[in-house]
Amino acid sequence: MYPPAFNYSAPTSVEEVLTTLTNEGDGARVLAGGQSLIPMMKLRLASPAFLVDINGVAGLDYINDVNGHVAIGALVRHNDIVKSDTISSTNHTMASAAPWIADPIVRNRGTLCGSVAHCDPEGDWNSVMLAARAEVVAQSASGERVIPIDDFIVDFFTNSLQPGEIVKEVRVPKYSGRGGGAYMKLERKIGDYATVGVASQFELDGDGKIAQAGIALTAVNAKNTRATAAEQVLVGETPSDELFREAGEAAAQAAEPETNVRGTAEWKREVVSVYTRRGLETALAQAQA
Amino acid sequence: MQINLTLNGAEQSADVEPRYLLVDYIRGTGNTGTHIGCDTTSCGACTVLVNGTPMKSCTMFAVQANGTSITTVEGLKQNGELHPIQTAFKEKHGLQCGFCTPGMMLTGVALLEENDDPTEDEIRWAISGNICRCTGYVNIVKAVQHAGSLIREN
């Protein structure tokens with residue numbers, strides 16, 4: 001299968017990428033890992049007139065622990081996350097999600113920032129980013145702006161980038177206290193999209209109460225969705241089996257799944273409830289470790 | 001666009017359209033051991049090593065391989081001798097129809113580069129992006145394990 005013809009350039013600096021994007025206008029798209037974009041182009045679901053390939057830009061493959069957050073550059077591949085000690089020692093939710101992204105070969109090429117920008121409601125990373133309250137650093141020729149993930153994810157395959165902007169970096173806050181988290185994904189086979197995915201994480205205060213909580217859902221709404229009511233169930237409370245069950249039920253209420261080849265709506269909602277509870281149990285064990 | 005790359009140790013240059021897929025470029029050079037299976041990034045039959053890392057060549061454009069070094073199944077043999085992974089697939093009967101085999105072997109080579117004594121679970125995890133519709137994977141896993149032992153013996 002072949003995409004329609006397009007023009008292509010492979011700049012070697014961020015400045016050159018931004019200039020090219022500005023010059024080429026609306027028809028231009030950034031090509032990073034391409035593991036979602038290229039299949040979509042081959043299926044002619046996307047047909048950019050111009051691809052700006054950023055794979056040759058040096059210095060975008062960093063995972064840096066700075067100023068209370070971990071900064072992940074635009075060319076960090078999923079497999080770099082799998083192997084990163086910085087990630088495994090700072091964010092359990094990310095560390096548990098990374099091995100479940102696509103398949104091992106796709107993980108060698110696909111990027112976290114690209115997946116975040118893609119905003120596929122069946123993509124895993126944006127739920128993790130919602131739960132972790134990440135921020136997206138957008139860069140354009142005129143400067144940088146930092147966008148909270150809730151404002152970045154607009155809709156089905158739609159982010160809030162302006163023309164001429166690229167996702168330069170994603171920033172994942174570190175726990176302020178003792179924290180834990182998990183991404184639980186149900187998939188039919190390796191490489192399939194999630195049937196249901198739930199990212200859960202929280203931090204404990206000095207009294208052992210939940211100071212901050214993040215719960216977000218994959219593949220059960222038109223976009224990755226924060227389960228706000230479920231988070232509110234948790235905040236200020238002492239962790240318990242009953243509390244986690246209640247949060248799971250609240251999370252299921254935030255899901256509006258469709259019945260399709262991967263399962264019925266009713267069943268998926270039940271999976272959300274169970275996976276939220278199990279994720280929170282995992283998070284508690286980590287926070288208390 | 002003009003591209004220059006190394007394919008199985010030999011320098012190549014070509015003038016390709018940006019949308020030309022890497023897998024078709026490779027097959028066009030006569031290296032037809034790289035197969036097109038699903039053409040949708042799922043099956044891994046088109047797996048090649050790009051600078052030593054397994055990639056699905058149906059999901060890269062040939063222009064993106066500019067400046068890289070690519071190894072296909074044809075490049076595994078050294079000085080007329082089979083690579084240990086090839087010997088192991090032969091000895092352990094790690095293939096039936098053979099369609100997935102080049103991709104399986106290249107993924108196996110990359111795994112063994114990192115870890116020459118992988119467990120069964122590690123092998124199954126590593127090859128989970130390569131689909132085989134004949135074998136049930138049992139002999140493929142045995143072949144990768146056997147290749148590891150051949151490499152360790154050398």
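Given the structure is predicted, the values throughout are model-derived calculations rather than measurements. First the proteins, then the strands, lettered A, B, ... as listed; each starts at 1.
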Considering only heavy atoms, which portion of [X] lies under 4.5 Å from any heavy atom of chain B: side chain, backbone, both, or neither?
X: A:N108; answer: both
X: A:A5; answer: both
X: A:P4; answer: backbone

In Å, rounded to the nearest 0.5 Å, how long is the span from [atom1] of [X] to [atom2] of [Y]?
X: B:Q64; Y: A:D53; atom1: CD; atom2: CG; result: 4.5 Å
X: A:I105; Y: B:L106; atom1: CD1; atom2: CG; result: 9.0 Å
X: B:R124; Y: A:I190; atom1: CZ; atom2: CD1; result: 12.0 Å

So, do A:L51 and B:F61 sit near enough that their side-chain heavy atoms are less than 4.5 Å apart?
-> yes
Non-hydrogen side-chain atoms of A:Y2 and B:E17 separated by less than 4.5 Å = no
Taking every heavy-atom pair that is under 4.5 Å apart, which of A:N7, A:L31, A:L37 has the most such pairs with chain B?
-> A:L31
Who wins among A:G33, A:G56, A:P39 for the most heavy-atom pairs under 4.5 Å with chain B?
-> A:P39
Determine the option with the most heavy-atom pairs under 4.5 angstrom with chain A, choosing from B:T40, B:T53, B:L21.
-> B:L21
Between [X] and chain A, with a heavy-atom cut-off of 4.5 Å, which part of the residue counts as in contact: side chain, backbone, both or neither?
X: B:S128; answer: both
X: B:M1; answer: side chain
X: B:I131; answer: side chain

Neighbour count above 12 (heavy atom, 6.0 Å) for [X] [atom1]:
X: A:Y193; atom1: OH; answer: no
X: B:Q2; atom1: CD; answer: yes
X: A:E258; atom1: CD; answer: no

For residues A:D103 and B:T41, report the shortest heavy-atom separation together with the two atoms involved.
-> OD2-O, 4.1 Å
Between A:I38 and B:K56, does a side-chain contact (heavy atoms from CB on, under 4.5 Å) hold up when you go through it step by step?
-> CA-CA 11 Å; A:I38 295 175; B:K56 294 187 177 180; over 6 Å; no
Is there a donor-acceptor pair under 3.5 Å between the side chain of A:R109 and the backbone N or O of B:M55?
-> no
